[in-house]
Undergrad: 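Have a look at the structure that comes next, please.
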Amino acid sequence: MNSTRPAARRPQPAAVQPLPAARRTPAAWRPALARGVLLRHDPVRDTHLLLVPERVVVLHGRAGAVLGRCDGSRTVAGIVAELSAEYPGAPVAVEVPEFLAGLCKEGWLT
């Protein structure tokens, strides 16, 4: 009598997660607020707020000016160029891409 054994299961490869837009094509990335994320100005505190599901993030400095330009129509380089013209001497070329990449990592930007 031949005993039949079920074939051994091969381990399935882990699902490959697509890289965030910031890592795919940094020069061509056009950041936009993720679905369910809103940018609002709080007149009481006179600051910008990032409203994310079940959370409110109080933005400091010029973070609201940066995120206000994240509408999906501008590249990161375009945002940096606009901010460099508006705030001469500020280190926007280094800080803005890092800031946006961090927000992308959190899932707040697409």
Side-chain angles (χ1 to χ4, degrees):
M1 212 176 191
N2 262 349
S3 67
T4 55
R5 254 176 27 195
R9 291 185 127 190
R10 288 186 174 173
Q12 296 295 319
V16 177
Q17 297 294 325
L19 289 173
R23 298 235 175 149
R24 279 184 277 173
T25 53
W29 180 35
R30 296 176 184 273
L33 295 176
R35 186 176 186 175
V37 177
L38 301 171
L39 178 65
R40 295 288 184 254
H41 184 264
D42 179 3
V44 174
R45 296 180 189 160
D46 193 28
T47 190
H48 284 92
L49 306 172
L50 195 60
L51 308 177
V52 296
E54 299 184 24
R55 212 164 157 186
V56 175
V57 179
V58 179
L59 301 174
H60 299 282
R62 299 293 176 198
V66 175
L67 289 176
R69 289 169 166 85
C70 293
D71 57 6
S73 69
R74 299 170 178 94
T75 63
V76 174
I79 293 170
V80 167
E82 286 180 23
L83 292 169
S84 293
E86 192 170 331
Y87 306 105
V92 296
V94 174
E95 292 179 357
V96 169
E98 289 175 0
F99 174 66
L100 295 177
L103 294 181
C104 183
K105 203 174 191 180
E106 290 287 337
W108 301 340
L109 288 177
T110 60

Undergrad: Do side-chain atoms of Thr47 reach the backbone of Leu59 as a donor and acceptor pair under 3.5 angstrom?
TA: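 Yes.
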
Undergrad: In terms of hydrophobic clusters joined by side-chain contacts under 4.5 Å, are Leu49 and Leu100 together?
TA: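 Result: no, two separate clusters.
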
Undergrad: Evaluate the side-chain proximity of Pro31 to Ile79: yes if any heavy-atom separation is below 4.5 Å, no if none is.
TA: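 They are in contact (side-chain heavy atoms under 4.5 Å apart), so the answer is yes.
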
Undergrad: How close do Gly36 and Pro53 get, counting heavy atoms only, and between which atoms?
TA: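 Residues Gly36 and Pro53, closest heavy atoms: O-CD, 3.8 Å.
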
Undergrad: Among Leu39, Val57, Val66, find the residue that satisfies the side-chain contact (heavy atoms from CB on, under 4.5 Å) test when tested with His48.
TA: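 Exactly one option meets the side-chain contact (heavy atoms from CB on, under 4.5 Å) with His48, and it is Leu39.
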
Undergrad: Could you tell me which non-hydrogen atom of Val76 sits nearest to which non-hydrogen atom of Pro97, and how far apart they are?
TA: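 It is CG1-CG, 4.1 Å.
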
Undergrad: If you take all heavy atoms of Val94 and Glu98, which pair is closest and at what distance?
TA: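 Looking at all heavy atoms of both residues, the closest pair is O-CG, 3.4 Å.
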
Undergrad: Specify the closest pair of heavy atoms between Val80 and Ala93, including all atoms of both residues, with the distance to one decimal.
TA: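 Nearest pair, atom of Val80 first, then Ala93: CG1-CA, 3.7 Å.
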
Undergrad: Determine whether a donor-acceptor pair (N or O, by modelled atom type, separation under 3.5 Å) exists between the side chain of Trp29 and the backbone of Ala77.
TA: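 Such a contact is absent between Trp29 side chain and Ala77 backbone.
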
Undergrad: Run the numbers on Val58 and Asp42 for side-chain contact (heavy atoms from CB on, under 4.5 Å), then give the verdict.
TA: CA-CA 9 Å; Val58 179; Asp42 179 3; over 6 Å; no

Undergrad: Look up atom CG in Leu38 and atom CG in Leu67, then write down how far apart they are to the nearest 0.5 Å.
TA: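 Answer rounded to 0.5 Å: 12.0 Å.
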
Undergrad: Any chance you could measure Leu33, atom CG, to Leu109, atom CG, to the nearest 0.5 Å?
TA: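 Interatomic distance, Leu33 CG to Leu109 CG, rounded to 0.5 Å: 6.0 Å.
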
Undergrad: What is the minimum heavy-atom distance between Ala32 and Gly72, and which atoms define it?
TA: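 Of all heavy-atom pairs spanning Ala32 and Gly72, the closest is CB-N, 3.7 Å.
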
Undergrad: Would Leu51 end up clustered with Trp108 when hydrophobic side chains under 4.5 Å apart are linked, directly or stepwise?
TA: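 Per the 4.5 Å side-chain linkage, Leu51 and Trp108 are not co-clustered.
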
Undergrad: Suppose the criterion is side-chain hydrogen bond (donor to acceptor under 3.5 Å, both in side chains): which pairs have a residue in residues 56-70, not counting sequence neighbours?
TA: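 Sorted result for residues 56-70: Arg69-Glu82, Arg69-Glu86.
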
Undergrad: Just how far is it from atom CG of Leu50 to atom CD of Glu106, taken to the nearest 0.5 Å?
TA: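 The CD atom of Glu106 is 10.0 Å from CG of Leu50, to the nearest 0.5 Å.
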
